[in-house]
Each structure stands twice: as structure tokens, then as C-alpha cells.
Amino acid sequence: MDFSAVSSALKTIGELTQEVTSLWGVDEQVEGLASELRWMQSFLKVADARKVDNELIRTSVVEIRELAYDAEDVIETFSLKVASKRKGGFSNCIKRSSCFLKEGCLLHRIKSEIEKITVRIKELTRQLKTYDVSKFGVDGEGPSSSTERRVSRRSYPHVMDDNIVGLGKDIKQLVPVLLDEQSECRVVSICGIVGTMALSTGMGGLGKTTLAKKIYHESQVVGHFKHLAWANVSQNCQERKVCEDILSDLNILTEADKMMKVEKLAEKLSSFLEKNKCLVILDDIWNPVDWDSLKPVFSARETKSKILLTSRNKKIISHADKNGFLYQLQCLNDEQSWELFQKIAIPPTNSPGYKIEAKMKELGEDMVKHCAGLPLAIIILGGILATKYPSLTEWLNVSVNVKSYFKNDKGQVLKDVLLLSYDDLPPYLRPCFLYLSQFPEDYEIPVDRLIQLWIAEGILAKRCTIQVRERYVATLKMTSFQMHDLMRGVCLSKAKQEKFFDIADQSNACQLSRIGRVRRVSVHKYFWIHYIKSPRLRSLLFFDKFLPVEEEDNVLPLAMVRNFDNHKEELFNPWVWFAAVLVCSVLVTKLRGSWKYMFNNFNFLRVLDYERGGYAGCKLPNDIGKLIHLRFLRLRGLEFDSLKLPSSLGNLRCLQTLDLRIINGLCSESVHVPNLLWRMQQLRHLYLPQQCSSKTKLKLGTLKNLQTLVNFNTKNCYVKDLINMTNLRELEIRGSFNIEDFNTEELDKNPPIIQSKYLHSLSIINDEGRIDPRHLAHLLLSCENISKLRLDVEIRRLPEYHYLSSNLAYIKLRRCKLEEDPMPTLEKLLYLRMLELHEEAFIVKEMFCCGQAFAKLESLSLKGLNNLEEWKVGEEAMASLQRLEIQKCRQLKKLPDGLRFIATLQELKIDSMPKTFKDKVEEGGEDFWKGRHVPSIIFHDCE
């Protein structure tokens with residue numbers, strides 16, 4: 001059950017009551033409200049402990065959440081509009097006395113609202129006290145979700161490449177079909193069957209996407225096709241998105257294409273596929289209608305390009321290509337199922353001859369049979385049991401639940417195991433899971449942004465999320481993830497049951513307009529914001545452009561559009577110019593109306609997030625200052641004619657995340673940011689525009705809670721402010737970086753720049769010129785704990801080893817133009833695991849890795865090193881290397897001889913290299929012996 005709303009309201013009240021003087025006038029009302037909320041919280045905990053699940057409790061939970069939200073909104077309004085003005089001494093008292101009457105009216109209104117909420121809570125409390133929750137879940141009135149509450153829990157592991165079983169045979173059968181250029185087959189489809197019976201509409205979780213990914217990375221496939229592209233189609237097929245994803249993978253997507261009609265995009269893509277040998281994978285296509293919408297893209301017949309589909313519907317293949325090849329993927333057999341289960345559920349051990357306890361093995365094998373050979377079901381079940389290993393008692397408890405959850409219907413198996421995994425989550429994590437349902441199908445969810453949204457909505461404590469984030473930073477993993485469509489289906493079902501949020505689009509516009517208590521709205525496709533009538537809205541997530549090209553005709557009067565289209569070729573016709581100005585005026589007025597409606601009607605918004613940018617009008621209206629409750633504001637990619645941000649932004653003092661990376665679509669005009677950000681002392685994540693106006697000089701020294709600072713530079717900010725940011729974790733410097741009054745004679749006499757012991761990531765990007773190497777060295781000396789370093793700036797010489805953090809695990813050097821081989825310095829970093837040397841990272845001709853250098857390095861990427869001719873590797877160097885990529889190093893003559901000693905190397909990728917280099921590495925070539933031990937050697941675009 002969702003405790004987060006009540007907990008968040010109590011936290012807000014607790015923070016306010018810390019200062020007794022702040023409560024003068026409403027102290028009794030606030031204490032009464034807190035008391036009632038605490039009872040509600042206790043009730044929810046008891047109900048959840050008893051696993052109560054009936055209509056009465058579900059309805060009550062929704063009502064409790066609504067009351068808690070109302071309470072929090074009212075208390076916070078009091079805090080921001082009244083309590084905050086009672087501080088500040090004599091001068092502030094003089095200011096308050098001039099608006100004493102206004103404050104009195106506001107105080108009376110707030111007191112009245114608190115009393116009304118308290119009455120509503122007491123009435124609900126009276127109703128609930130008539131029911132004894134201890135009886136639910138025992139006498140059959142409310143079916144139990146699981147027999148007892150778990151103590152040891154964690155979220156489920158992600159599907160990794162190591163956890164793949166039984167696809168070798170499938171790959172061997174499919175790859176030759178794709179490589180056969182003589183066959184008339186242009187479309188290959190992967191579908192699923194259960195047991196021996198093929199399904200016309202199959203099920204998910206069989207591993208179709210996993211198989212497609214393995215084929216996508218297969219060395220023979222990468223070497224055969226000049227270009228590869230991947231697009232997720234999903235149940236809600238969006239033709240434009242599919243086309244743009246493919247064009248992007250083919251590296252031919254331009255900004256102009258994003259403004260183009262879908263028909264023109266399809267024509268461009270079709271022409272490219274006809275002229276080039278490409279493999280396009282369309283993942284998760286649902287029905288023939290979706291294929292028909294995409295057919296113009298793949299209309300060319302005289303082509304060597306091929307298409308690989310994954311689908312639950314085997315009818316699509318005959319519909320798409322009469323000569324197409326249908327491959328039916330089967331479920332795992334008992335042996336394969338047990339092998340996969342062991343990989344997930346039983347931690348690896350170094351003990352030789354280790355065997356799982358006989359009783360646990362018997363239990364495990366019995367539970368796995370209920371998964372019907374479905375890999376996803378096995379993975380999820382294994383994830384649950386992995387948290388309880390090696391407790392036999394815990395496995396017995398889960399076994400009981402598995403038998404009660406899983407029915408004989410194989411089509412229900414996955415849903416049942418997903419429901420079991422949801423019920424295994426602790427209560428405080430369930431709203432975090434439900435929050436994922438707001439993201440569109442197949443959406444790649446960024447971990448950083450998700451954590452920021454969780455905190456902004458108050459559904460997870462800050463300390464918890466920071467610990468999770470830092471764990472991922474330490475392991476250099478998990479920057480984003482996707483939900484399986486079946487997992488998302490269960491998530492959506494649960495979210496709908498608990499009335500957690502609403503998805504908005506044109507199809508349900510009228511329905512939304514009649515709902516008065518919408519708290520969260522997720523807009524997946526363009527939606528006229530005026531349809532939302534809820535004044536208590538807390539969260540707005542937009543996943544489409546502010547105004548997509550396809551919707552412009554619907555926004556403008558039809559007669560005006562037709563008139564303009566009929567005459568737009570007549571450049572010297574005054575009517576054309578008049579019509580153009582008129583069209584623009586109408587468009588700008590309508591967009592401004594959308595902004596003003598939002599800012600004037602949704603005063604309790606905490607989250608406002610724009611995902612895909614797009615033209616948003618003349619300028620950001622000053623009314624944004626009315627959203628005083630905002631915690632999360634993301635304007636990235638929005639295009640405005642005027643890039644002067646309003647001064648009213650200074651009113652948003654509750655902001656935790658602020659992204660100001662707006663742009664001007666017509667020119668590279670700089671953004672004017674008012675010097676008011678210092679007021680936002682709750683700010684944790686600040687993303688400044690890439691290019692700020694020369695008039696902008698921001699004071700940021702008061703932002704002591706700041707954790708992320710992006711696009712900082714010394715032209716628009718003060719370097720001295722960095723020392724006050726003692727919680728800083730990520731710093732990105734873009735543009736100039738100069739330290740004022742720097743002592744060039746005695747470097748150790750200069751004061752430190754950064755004092756945050758939490759800083760783990762530093763990036764420096766400068767397209768304009770060089771950075772003073774002494775300033776860089778002094779900055780790096782202040783960053784003694786960083787694990788990630790990115791230098792994309794001309795420095796000519798790498799700072800000496802003692803200036804670099806010994807904790808560095810990831811380094812990327814680009815356009816540094818180093819005049820010496822950097823390896824002798826970098827090899828001293830004992831924990832370095834990933835190294836990327838790209839586009840003129842250095843300009844010398846030779847590179848050496850000697851002795852036992854780079855003992856822990858796992859990944860090395862060399863790209864665009866135009867001067868590199870010779871690379872030498874010692875016999876004991878890079879003993880842990882797993883992946884090596886060489887791209888566009890056109891002067892490199894051969895692979896290093898020492899490569900043959902790196903037994904751990906799993907993948908060697910040769911990309912955009914001369915054909916002579918490729919011939920040497922291939923079987924029969926003079927360098928083949930150096931890499932023959934590598935399981936996967938991939939050649940791409942080496943013709």
C-alpha cells in the first residue's frame with residue numbers, strides 16, 4: 001500500500017513545527033491534523049502487514065492519499081506564504097506591517113482549509129474504526145497476496161548477457177537466412193510457441209528480443225551488413241518515431257528531418273535502404289495494421305537490405321513478405337529452465353564441487369516447473385529467491401505462494417509471477433514501482449532523472465536514493481533501463497487500481513475534463529492542456545514535443561492554413577508575407593495561452609517535465625513564478641524566440657531540480673539567466689544553458705545542497721562559489737575556466753577550488769580554446785575522490801600522475817591534442833577500468849603499454865586517432881581487458897603483438913578502418929594469429 005503521501009505530509013508538518021514561532025495562529029489545527037494522519041499511517045501499516053486486499057481498503061487508501069496530498073499542499077502554502085515572512089528581524093517586520101491585513105486573510109483561509117481536511121479525515125477514521133483489520137486476510141473476506149511479510153528484500157536483478165540459456169541453436173539457424181543474398185526472402189520474423197502448439201497470437205517473455213539482440217551483435221552479421229539499425233515498435237506504433245530511430249542508427253538523421261512530414265521521412269529511408277546493404281530490426285511489432293503503416297519505408301524490392309521482426313503474431317510475416325521466413329522460438333526445456341534458474345537464484349561460489357542442498361534443489365525444481373519454460377518468469381522468480389538464499393524456510397514460504405498464484409493456464413504464468421514479485425516489495429518501494437508506469441512503452445528511463453522525480457514527489461527518502469545512486473556510480477553501471485512490456489502491463493494495472501495517475505491523449509480528453517481529482521498526468525502524445533480541470537494537479541510529464549509538426553494544422557484555423565499553402569511559392573506576393581505573419585501570430589498566441597493556463601490553474605504543481613522539446617512560443621511567461629510548490633522543472637530542448645528567462649523564476653524556492661537548457665531554433669543565441677538562482681537554496685541539480693548571455697553573472701555560493709552542476713564556466717559564474725558546494729557529486733564545466741588571482745609561481749599557495757568529498761564525476765568541455773594546464777592541474781588536485789573524468793578540451797599536456805585521483809575508474813580524453821603518449825601516466829591509475837581515447841586525444845605516432853600496466857582495465861576504445869601509426873603492448877599488460885574497439889585510426893599499421901597474451905579479451909571491434917587493416921586481421925591475414933583466441937571479432941564499414 002502507498003504510505004508515501006501520508007509520510008510526506010507528516011514530514012512537511014514536522015519540518016514546520018521545528019520552529020514554534022512559525023506556527024503561531026494555526027498550531028492547534030496543525031497538531032490535530034498531524035495526529036489524525038499518524039493514525040492513518042498506523043492503519044495502513046497494519047492492513048499491509050495482514051495483506052488485506054479488498055475493495056473497502058483499496059478505496060480507503062485512495063481517499064487517504066488524497067487527504068494527505070491536500071494536507072501537505074495547505075501546510076506548505078502556509079510555510080511559503082506566511083511562516084517564511086516571519087523571519088528576518090526588524091526590517092522584515094516593517095515590510096510585514098504594510099501587508100498585515102493580507103496576511104491575516106491568508107491565515108484565516110489556511111486555518112479554515114486545515115479544519116475542513118481534519119473533519120474529512122475524522123469521518124474516514126470513524127468509518128474505518130468500525131472494521132477490525134486483524135480479521136481481514138484470515139477469514140477469507142480479503143484474499144491474502146502472500147502468507148507473511150518478508151524481512152530481507154531487494155529489487156530484482158536485470159537480465160544480463162551472462163543469464164542467457166539455450167539460444168545457440170536458434171542463432172545458428174537464423175544467421176544463414178539473413179546472410180543469404182541469393183534468396184528472395186527479405187523479411188525474417190521471430191515468433192513464439194508454447195510447448196508443441198504454435199500460437200497465432202503468442203506470448204511475451206519467451207526471449208524473442210534477447211535472441212534478436214544476440215543476432216544484432218553477432219560478428220558475422222555485423223561484418224556482412226554495412227549498416228545496422230534497431231527500432232522498438234511496440235503496441236502503440238508511432239511511425240515517425242520508428243523512422244527517426246532507424247535514421248538515427250544509420251547516422252543520417254538531421255535536424256531538418258525532425259521537421260519533415262512522415263511521408264518524406266519514409267521516402268528518404270526507403271531510398272537509403274535500397275542503395276545500401278542494411279539490417280533493420282523491428283522489435284515487438286503487434287499486428288498487420290502496424291506493418292502497413294511502416295510498409296512505405298521498406299517498399300524497395302531490388303535491395304540487399306533485410307528486415308528482422310520480433311512479434312507475438314505469426315500472421316505478420318506472410319502479410320509483410322510472401323517469401324518471408326518465420327522462426328518459431330520455443331520455451332526452455334526442464335534442463336535449460338533449471339540452468340537459467342540457478343544462474344539467477346543461487347549466488348556463485350568459489351568452492352570446488354559445491355552442490356546445492358538436496359531439499360532446496362527439490363523445491364527449486366518444483367517451482368521452476370510452474371514457470372512453463374518461460375525465461376522471463378524464471379528470471380523474476382529467481383530474483384525473488386536470490387534475496388532469500390540460503391534460507392530453506394524462506395524458500396518454503398515462496399513455494400507456497402507460487403502454488404497459490406500460478407494457475408494451470410500457461411498464458412497467466414507470467415502475470416502471476418509478476419504479481420508475486422510486486423507483493424514481495426516492501427510498502428515504501430511500491431509507489432516507486434508504480435511510478436514507472438507513467439513512462440511510455442519501450443521508453444529508456446534515465447536512472448538519474450527517475451531518482452530526481454521520486455524525491456521531488458516525496459515518494460522515497462533522499463538518503464535512500466543517494467545510496468542507490470552512489471552504488472551505481474561506483475560500479476559504472478546502470479545509467480538507464482527499459483521495462484519489459486509484460487512488467488509494464490502489471491505496473492499499469494496496479495497503478496490504475498490504486499488511481500495512481502492518468503495517461504492523457506486526444507482519445508480520453510473529454511474524460512479527463514470531467515475528473516476533478518487528477519494528481520498526476522503523463523502526456524504520451526500531444527494533448528491540449530486546457531482539457532485538464534484539476535486545480536490540485538501535482539505532476540505533469542510530457543513525452544511528446546510541445547507542438548509536433550503533425551498537430552500544427554489542427555491548432556491553426558483550417559482556412560488560414562489552406563490559403564497559405566496555396567500561395568506559399570509566391571515569395572514576392574505581399575499576401576504571402578501577411579499570411580505568414582498572421583499564421584505565426586496565431587500560433588504564438590495559442591502557445592502562450594497554453595503556458596498561462598498551466599501556470600494560473602495548476603498552482604500546486606511539483607513536477608513539470610518536458611522530454612522532447614519543440615517550439616514553445618515567443619518566450620517563457622512571467623506567470624511561471626506562481627508555481628511556488630515546484631520541485632522539478634525541466635525545460636530542456638524547448639525553443640523560444642526570446643531567450644530571456646523571467647525574473648519570477650526566483651519565486652520557485654522549493655526547486656530541487658532545474659534544467660534551463662532552452663534553445664533558439666533559428667540561431668545560436670545565448671540565454672539570459674537572471675541572477676536569482678541563489679535564492680533556491682533547496683536546489684540539488686542545476687543544468688545551466690550551454691551558452692549564457694555575456695550579461696549573465698550568476699551567484700551560486702548559497703546553493704550548499706547542490707549535487708549536480710552542469711554547464712558551469714567562469715565567464716558567467718564565480719569559481720569561488722564552488723568551494724561552498726560541499727555536497728557536489730557531479731560537475732560539468734563547459735566553456736572558459738580561469739582562476740582569478742592565481743599564483744603561478746607557487747601553485748601550492750593557491751586555495752582549494754572544491755571541498756566536496758562526495759564529488760565523483762568531473763567533465764571539462766571547451767570548443768573555444770585551450771585551458772591553462774596549471775589551472776587544470778589545480779582543479780584536479782581538489783578532486784581527490786573522483787572516479788570519472790572526461791576531458792574534451794585542448795590541453796597539449798596531461799597533468800602529472802600525482803594531480804589525478806587514485807580512485808579513477810573511467811577516463812575519456814577527446815580533442816586534447818596531447819604532444820606526448822598519455823599511457824605512461826594513465827597506467828599508474830590502479831583502478832582504471834574503462835579508457836576512451838577519441839578524436840585527437842593525442843597527436844603522437846606511437847603508443848606503448850608495457851610491463852604490468854592497466855591491470856584492471858576492462859574496456860579500451862581508440863577512435864579518430866589520426867596520427868597513430870604504431871601501438872605496442874607488453875606480455876603482461878592489460879591482463880583483464882575484455883573489450884577493445886579500434887575505429888577510424890587510419891594510419892595504424894597493425895594490431896600489437898602483445899594482444900595474443902590477453903586471454904580475457906572477449907570482443908574485438910574493427911570499425912571504419914582501411915581494407916588492408918581488415919585483411920590482416922581476418923583469417924589468413926598476417927595478424928590473424930594475434931587475435932585468433934578472441935571469441936568475437938566484429939568488422940564494420942571497413943570496405
Side-chain angles (χ1 to χ4, degrees), residues 161 164 166-193 198 202 206-233 242 245-251 269-285 290-291 294-295 297-330 907-911 918 922-923 935-943:
D161 288 341
I164 294 175
L167 292 181
K169 175 176 68 72
D170 306 298
I171 293 170
K172 286 181 181 178
Q173 288 187 308
L174 277 169
V175 169
V177 178
L178 291 169
L179 302 186
D180 186 359
E181 294 185 4
Q182 305 304 317
S183 169
E184 293 184 4
C185 169
R186 290 286 173 264
V187 181
V188 176
S189 180
I190 302 173
C191 196
I193 65 173
L206 280 168
K208 299 183 290 295
T209 299
T210 303
L211 175 57
K213 283 184 178 179
K214 292 290 286 183
I215 291 171
Y216 185 79
H217 293 288
E218 184 71 20
S219 57
Q220 287 178 273
V221 172
V222 176
H224 178 81
F225 292 99
K226 188 172 183 179
H227 301 281
L228 292 94
W230 183 289
N232 294 304
V233 181
V242 172
D245 286 349
I246 297 173
L247 287 167
S248 178
D249 274 7
L250 298 175
N251 293 318
L269 188 49
S270 178
S271 175
F272 187 87
L273 295 177
E274 186 174 11
K275 295 173 184 175
N276 297 273
K277 186 159 58 174
C278 308
L279 174 63
V280 177
I281 297 182
L282 299 176
D283 184 38
D284 196 22
I285 185 166
D290 293 339
W291 171 260
L294 298 171
K295 186 186 277 187
V297 176
F298 310 107
S299 56
R301 300 305 300 174
E302 299 300 322
T303 177
K304 292 184 179 180
S305 294
K306 294 205 175 183
I307 303 150
L308 177 63
L309 308 176
T310 70
S311 178
R312 302 183 192 183
N313 191 340
K314 70 177 186 178
K315 292 180 180 178
I316 287 178
I317 187 63
S318 57
H319 186 77
D321 182 1
K322 63 180 180 181
N323 298 313
F325 181 83
L326 173 64
Y327 188 80
Q328 296 181 326
L329 186 63
Q330 298 188 32
E907 181 181 297
L908 171 60
K909 185 174 182 180
I910 311 293
D911 191 354
K918 175 188 175 186
E922 283 188 311
E923 189 170 357
S936 175
I937 300 180
I938 300 169
F939 297 98
H940 183 253
D941 200 16
C942 294
E943 301 300 330

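Atom CZ of Phe298 and atom OG of Ser305 lie 9.5 Å apart (nearest 0.5 Å). One finds the CD1 atom of Ile938 at 8.5 Å from the CD atom of Glu218 (value rounded to the nearest 0.5 Å). Between the CG atom of Leu206 and the CD atom of Gln330 there is a distance of 10.0 Å, given to the nearest 0.5 Å. Asp284 CG to Ser311 OG: the interatomic distance, rounded to the nearest 0.5 Å, is 7.5 Å. Between the CG atom of Asp283 and the NZ atom of Lys208 there is a distance of 9.0 Å, given to the nearest 0.5 Å. One finds the NZ atom of Lys275 at 10.0 Å from the OG atom of Ser270 (value rounded to the nearest 0.5 Å).
The shortest non-hydrogen separation linking Tyr216 to Asp249 is OH-OD2, 4.2 Å. Scanning all heavy atoms of the two residues, the minimum distance from Lys214 to Ile171 falls at CB-CD1, 3.8 Å. Considering every non-hydrogen atom in both Leu282 and Ile246, the closest pair reads CD2-CD1, 4.1 Å. Residues Phe225 and Leu228 approach most closely at O-CD1, 4.2 Å, considering heavy atoms. Nearest heavy-atom pair, Leu273 versus Leu250, reported as atom, atom and distance to 0.1 Å: CD2-CD1, 4.4 Å. Among all heavy-atom pairs drawn from Thr310 and Thr209, the shortest one is OG1-OG1, 4.4 Å.
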Next on the checklist: Determine whether Val188 and Asp321 satisfy the following criterion, side chain to side chain contact (heavy atoms under 4.5 Å, CB included), listing intermediate values before the conclusion.
Outcome noted: CA-CA 9 Å; Val188 176; Asp321 182 1; over 6 Å; no
Next on the checklist: Working note: Ser189 + Ile316, criterion side chain to side chain contact (heavy atoms under 4.5 Å, CB included); need CA distance, chi angles, decisive distance, verdict.
Outcome noted: CA-CA 8 Å; Ser189 180; Ile316 287 178; 5.6 Å; no
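Glu923 is linked by a salt bridge (Lys or Arg N to Asp or Glu O under 4.0 Å) to nothing, counting only residues two or more places apart in sequence or in another chain. Shown here are the side-chain contact (heavy atoms from CB on, under 4.5 Å) partners of His319, two or more places apart in sequence or in another chain: Pro288, Trp291, Asp292.
One N or O on the side chain of His940 and one on the backbone of Lys226 form a donor-acceptor pair closer than 3.5 Å.
Between Leu279 and Val222 the shortest side-chain heavy-atom distance does not fall below 4.5 Å. Using a 4.5 Å cut-off on side-chain heavy atoms (C-beta onward), Asp245 and Asn232 make no contact.
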In a table with atom names and distances, give each donor-acceptor pair under 3.5 Å that connects a side chain of residues 173-181 to protein atoms at least two apart or in another chain.
residue	atom	partner	partner atom	Å
Gln173	OE1	Tyr327	OH	2.8
Asp180	OD1	Gln182	N	3.0
Asp180	OD1	Ser183	N	3.4
Glu181	OE2	His224	NE2	3.2
Glu181	OE2	Lys277	NZ	2.9

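Counted within 6.0 Å of NZ on Lys918, heavy atoms from surrounding residues, nucleotides or ligands total more than 12; the atom is thus considered enclosed.
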